[in-house]
Structures are given as structure tokens and as C-alpha cells.
Amino acid sequence: LLVPGIKLEPLLRARVKAGEIANIEGDVEAWIQKRLWRYRNPGEPWEVVTDTGAVHLIQEQATRDGGRIILRTDITALKDNEKRMAELHAHLQGALESITAGVIIFDKNEKIVAFNDSFRKAVLPFSARLRPGVSLEEWVSHISAQGHYGDVDPDFVAERIRKFRNLETVEFTERWPDDSEHLIMARHYRTPDGGTFIFREDVTAHKRIEERLRHAQKLEALGNLAGGVAHSLNNLLLPIMALSKLTVDGLPSASPSRPILEKVVEASLRAKDLVARVLAFSRQDAPRKALVDLRAVVNAAVRLARSSIPPIIHLESGIVAQPVPVMADTPQIEAVILNLVNNAVAAIGDRKDDHANGRLAVRLWIEPFGPSAKPGLSRIAPDGYAVIEVEDNGIGMNAATKARIFDPFFTTKKVGEGTGLGLSMAHGIVEEHGGMIEVDSTLSKGTSFLIHLPLASLVAEAVPAATEAESRAD
């Protein structure tokens with residue numbers, strides 16, 4: 001059929017009739033007319049599939065004398081390769097999506113090639129700029145300028161790119177849309193074609209666990225040391241207390257030596273109390289827990305606090321109306337609350353201005369456990385947790401002080417006024433109850449302590465009801 005002189009239209013009809021042109025969809029006549037129109041109006045190349053399944057690329061070019069040159073190229077192998085590459089890309093993308101950590105891949109020219117959904121969600125506010133072809137420098141500069149890394153030095157972008165090229169493992173802080181800060185670890189790996197992929201992971205929770213472990217180890221070591229010292233002090237105090245008391249009792253009431261020895265007795269009693277607290281800290285006895293309504297415990301602590309705080313400080317309390325069932329050692333939890341209240345009173349007294357407007361609040365409420373739960377509370381019972389808050393508008397703390405407040409023997413009080421054991425013991429008691437204590441403080445504005453305790457997995461009816469006076473908000 002293909003001989004010099006034959007026109008295109010009869011050639012097409014003959015080939016269609018002979019079955020040489022396959023995969024014609026719809027009306028044959030319409031297909032022939034469309035093919036003739038393409039011949040008379042050459043434009044973009046197109047693909048056709050032969051009766052054997054081969055794929056040909058048709059390209060047409062007009063000649064100077066008004067004729068046409070038709071190029072027909074077999075691209076079957078190329079199409080097969082494209083199909084295999086698409087399947088491979090789908091498999092790789094599936095593998096990327098199966099990784100919970102964020103992954104982003106750059107080519108050898110430092111242009112974005114691919115990323116998984118975990119990475120996209122981590123940088124969601126900036127995801128409009130997250131697309132293939134964007135350079136590393138453009139991407140890092142953009143999210144840095146938008147405050148994603150918090151307050152950074154002017155050379156941050158250049159330093160970040162340098163570490164990328166050197167395949168260094170880096171840690172940095174990200175500021176998320178909810179204004180929370182997260183510690184991110186990014187590891188860099190070279191690909192066979194000279195590209196780089198970044199494996200990023202939020203290690204905030206891991207760092208908290210490491211800090212808690214270090215704190216526990218420090219407490220254990222200091223507890224052992226304190227226990228030995230306290231036992232020795234206790235042995236020394238016993239004769240001092242006994243002999244001083246006997247001497248005082250044997251003196252006439254008018255004796256000039258009596259006030260002096262009474263001060264010795266008073267000082268030895270204070271020393272005995274201090275030794276008892278050190279011993280309690282060193283033993284770290286397990287709490288004797290029982291099922292209680294936490295409302296009654298908090299209300300009892302508030303009543304005790306009211307009788308001891310200065311009248312110029314306004315104490316308010318807000319206690320949830322519904323029962324709050326927890327497994328707790330009542331005296332220990334009361335001691336924790338009172339310790340926090342005493343610290344709040346001292347913080348208000350340390351303010352340089354007139355503290356006549358001193359405010360102290362003790363609150364109790366229930367938080368259901370769910371996606372909005374704070375990091376670190378995943379081990380809290382699934383029924384939710386009770387939250388006790390002690391808040392004041394005292395002098396507050398700076399970052400350095402806040403980082404050490406739970407360390408044993410650390411105190412900001414004057415010599416003779418504080419032992420540095422109160423908050424460390426409170427921390428240990430809350431930990432023994434399966435809970436968590438955290439602090440938020442701003443210098444010159446005040447401090448808030450939050451105690452989280454797991455709710456008991458029992459129906460509220462099983463909890464002894466608090467009295468009306470105990471359950472109402474003071």
C-alpha cells in the first residue's frame with residue numbers, strides 16, 4: 001500500500017481496512033478526518049498504539065514546498081521504562097509514608113525531590129512552599145524568616161546548609177503553630193546518586209524522659225548520702241536534746257541561764273525536724289494509698305492554709321463539683337499542697353512592692369485524657385487525670401531557678417529559712433502516685449504549679465462523698 005504517489009486519505013482507509021491500525025476508538029470515519037486535520041495542521045506530536053501493542057510517537061513537520069515530513073518513532077521501550085519508574089516511585093512513596101518520622105529528599109543540586117506526609121504535617125503552616133524543585137536555601141530561609149526556628153542568629157541559614165552538606169546530625173528547636181517549642185533531631189544521609197535525604201524526629205518526649213532519669217538518679221545518690229549524714233546527726237542530737245531538757249527542767253524559773261538553754265532546746269527540736277525530713281527523703285517510702293475523693297483532701301489543705309497565711313494575702317479556691325476519685329496517700333498529698341502554698345506565701349512576701357494585693361489560688365479540676373493531653377502524660381490512666389493548681393502573683397522565677405527547683409537542697413530562701421527539700425520531696429511524692437508536677441513562672445508576675453494525678457478506674461459512687469462544706473468553692 002505504501003508506494004510513491006498514493007495520497008494520505010486512501011492510504012489511511014486501506015490500512016484501517018487491512019487492520020494495520022488498531023485501537024481506534026469510536027467512529028472510524030471521524031478518526032480518519034481527525035487524522036487528516038492533524039496532517040494539514042501540524043502541531044504537537046502524539047502517540048498511537050499498533051495492533052501488536054507497540055507505542056509509536058508521530059511527529060509531523062511542514063516542508064518549504066508545502067509538503068509534510070512524518071517521523072514515526074517506536075517508543076515502546078521508553079514507555080515501559082516510564083511505567084516501571086512510576087511503579088517504583090509509588091513503592092518508594094509508600095515506603096516514605098510508612099515512616100512515622102518526617103523524611104524529605106533532595107537531589108544532588110539541593111532541590112527538593114520528595115517528602116512524606118509526616119514531614120508535611122510538621123511544617124504545615126509553610127507547606128505551600130514545600131514542593132519539588134524548591135532549593136534547600138530557599139526552603140530554610142523561608143521557614144526561618146517565618147519564625148519556625150524561633151529567634152535565631154543571622155548566620156543560622158548558612159550554618160544549617162553547611163551541616164546539611166557535611167551530613168551532620170543536628171538538634172534544633174522548632175516553634176509550632178500552638179506556640180509550643182519542640183526539640184527536633186535531624187540526621188542526614190547521602191543517596192547513591194549524590195542526593196541527600198533528611199530523617200527528622202521530634203525528640204522532645206525522649207529528652208524529657210532522659211531528664212527525668214537523670215533527676216531520679218541524682219535523687220537516689222543524694223538520698224543515700226543524706227540518709228547516712230542524717231543518721232549520724234540524729235545520734236549527735238539525742239544527748240544534746242536530752243541533757244538540755246533535763247538541765248532546763250532543773251533550773252529555777254528566774255535563772256538567767258534558763259532562756260539561753262531554752263533556745264538550745266528549741267534549736268535542737270528544729271534540727272530534729274530537719275533530720276526527720278532528710279531521713280524521710282532518703283528512705284523514699286512507698287505511699288500508703290487508698291481510694292479517696294481528692295476534693296476532701298484539697299479542701300482540708302485549704303482550711304489549714306487559711307489559718308496560717310497572713311490576712312493581707314487573699315486565698316481563693318475553686319473545687320470541681322463532681323467527685324474526683326484517686327488512689328492517694330492523703331497526708332502526703334496534703335503535705336505537697338501545703339508546701340506549695342507556703343512557697344507561694346514566701347514568694348508574695350519577697351515582692352519589692354506593697355503586697356497588700358497578694359493573691360493565692362488553689363484549684364482542682366478533671367481533665368479527660370485525649371489528643372489534647374500534654375506531652376509526658378501518656379502514662380496517665382485513660383480515664384483522665386485530676387489537676388491541682390497552686391497559683392500566686394509573687395515574685396516569680398527566672399529560667400535558671402525554674403530549672404533547679406526540684407533539685408534536693410536547692411533553695412532561694414535566706415540561710416536558716418529553707419532546707420531545699422520541700423519541692424524535691426513534693427516531686428517524689430507525686431511521682432510515687434504515678435503523676436506529674438510541672439511549673440510555669442514569669443519573673444515579677446507569679447508562679448503556677450500543676451499537679452497531675454491519675455483518676456481511679458472506678459465508678460464515682462464507690463468514692464466516699466465529700467461533705468457539702470468540703471465540696472463547695474471557698
Side-chain angles (χ1 to χ4, degrees), residues 93 96-97 99-215 374-376 396-404 438-445:
Q93 192 64 39
L96 283 178
E97 298 302 341
I99 301 174
T100 56
V103 177
I104 184 170
I105 302 175
F106 292 83
D107 63 17
K108 63 181 180 181
N109 296 317
E110 298 182 355
K111 300 290 183 68
I112 295 176
V113 176
F115 48 86
N116 65 356
D117 196 52
S118 295
F119 188 91
R120 183 190 64 81
K121 289 179 179 177
V123 294
L124 192 59
F126 321 101
S127 57
R129 297 288 291 270
L130 182 65
R131 59 182 182 272
V134 173
S135 69
L136 171 69
E137 183 175 3
E138 179 184 353
W139 169 248
V140 176
S141 299
H142 172 68
I143 60 178
S144 176
Q146 298 300 315
H148 185 58
Y149 298 118
D151 299 326
V152 296
D153 297 330
D155 60 347
F156 173 82
V157 173
E159 182 67 12
R160 183 73 182 85
I161 293 174
R162 183 191 67 78
K163 291 178 178 179
F164 171 92
R165 291 169 178 166
N166 293 338
L167 303 182
E168 295 181 23
T169 297
V170 295
E171 288 187 0
F172 52 89
T173 301
E174 286 184 347
R175 183 174 294 158
W176 287 15
D178 60 0
D179 215 26
S180 63
E181 292 189 347
H182 292 250
L183 183 63
I184 305 299
M185 176 181 288
R187 291 188 283 269
H188 303 76
Y189 301 92
R190 191 74 72 206
T191 61
D193 61 354
T196 306
F197 77 86
I198 302 176
F199 184 92
R200 74 182 300 284
E201 188 175 10
D202 185 347
V203 296
T204 308
H206 295 165
K207 288 295 181 180
R208 286 198 182 105
I209 293 173
E210 288 179 3
E211 289 173 2
R212 291 164 69 90
L213 178 59
R214 283 196 295 268
H215 186 77
K374 294 182 180 180
M397 293 178 281
N398 58 27
T401 300
K402 190 168 68 171
R404 296 192 58 194
E438 57 182 349
V439 60
D440 182 32
S441 184
T442 303
L443 198 61
S444 301
K445 291 188 177 181

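- Side-chain contact between Val134 and His142 is absent, with no heavy atoms from C-beta onward closer than 4.5 Å.
- In this structure, NZ in Lys163 is found 4.5 Å from CD in Glu159, a value given to the nearest 0.5 Å.
- Arg160 and Ala186 make their closest contact through NH2-CB, 4.0 Å (heavy atoms, listed as atom of the first residue, atom of the second, distance).
- Distance check, rounded to the nearest 0.5 Å: CD of Glu201 to NE2 of His206 gives 5.5 Å.
- The side-chain contact (heavy atoms from CB on, under 4.5 Å) test with Phe119 is passed by exactly one of Val103, Ile104, Ile105: Ile104.
- Here the CZ-CZ distance, from Phe197 to Arg187, works out to 10.0 Å after rounding to the nearest 0.5 Å.
- Contact detail for Ala101 and Ser118: the closest heavy-atom pair is O-CB, 3.6 Å.
- For the pair Leu130 and Arg120, the tightest heavy-atom approach, listed with the atom from each and the gap, is CD2-CA, 3.9 Å.
- In this structure, CZ on Arg165 lies 11.5 Å from NE2 on His188, to the nearest 0.5 angstrom.
- Between Ser141 and Val157 the shortest heavy-atom distance is OG-CG1, 3.5 Å.
- Put simply, the side chain of Ile198 reaches to within 4.5 Å of the side chain of Phe106, judged on heavy atoms.
- Taking the side chain as every heavy atom from C-beta outward, Asp193 and Asp107 never approach each other to under 4.5 Å.
- The local environment of CD in Glu168 is crowded, with over 12 non-hydrogen atoms from other residues, nucleotides or ligands closer than 6.0 Å.
- The CD atom of Glu138 sits 8.0 Å away from atom CD1 of Ile112, with the distance rounded to the nearest 0.5 Å.
- In this structure, CG in Asp155 is found 11.5 Å from CD1 in Ile161, a value given to the nearest 0.5 Å.
- Here the closest non-hydrogen pair linking Phe164 and Glu110 is CE2-CG, 4.0 Å.
- The shortest distance between side-chain heavy atoms of Glu171 and Leu183 falls below 4.5 Å.
- Between the side chain of Asn109 and the main chain of Lys111, no donor-acceptor pair closer than 3.5 Å is present.
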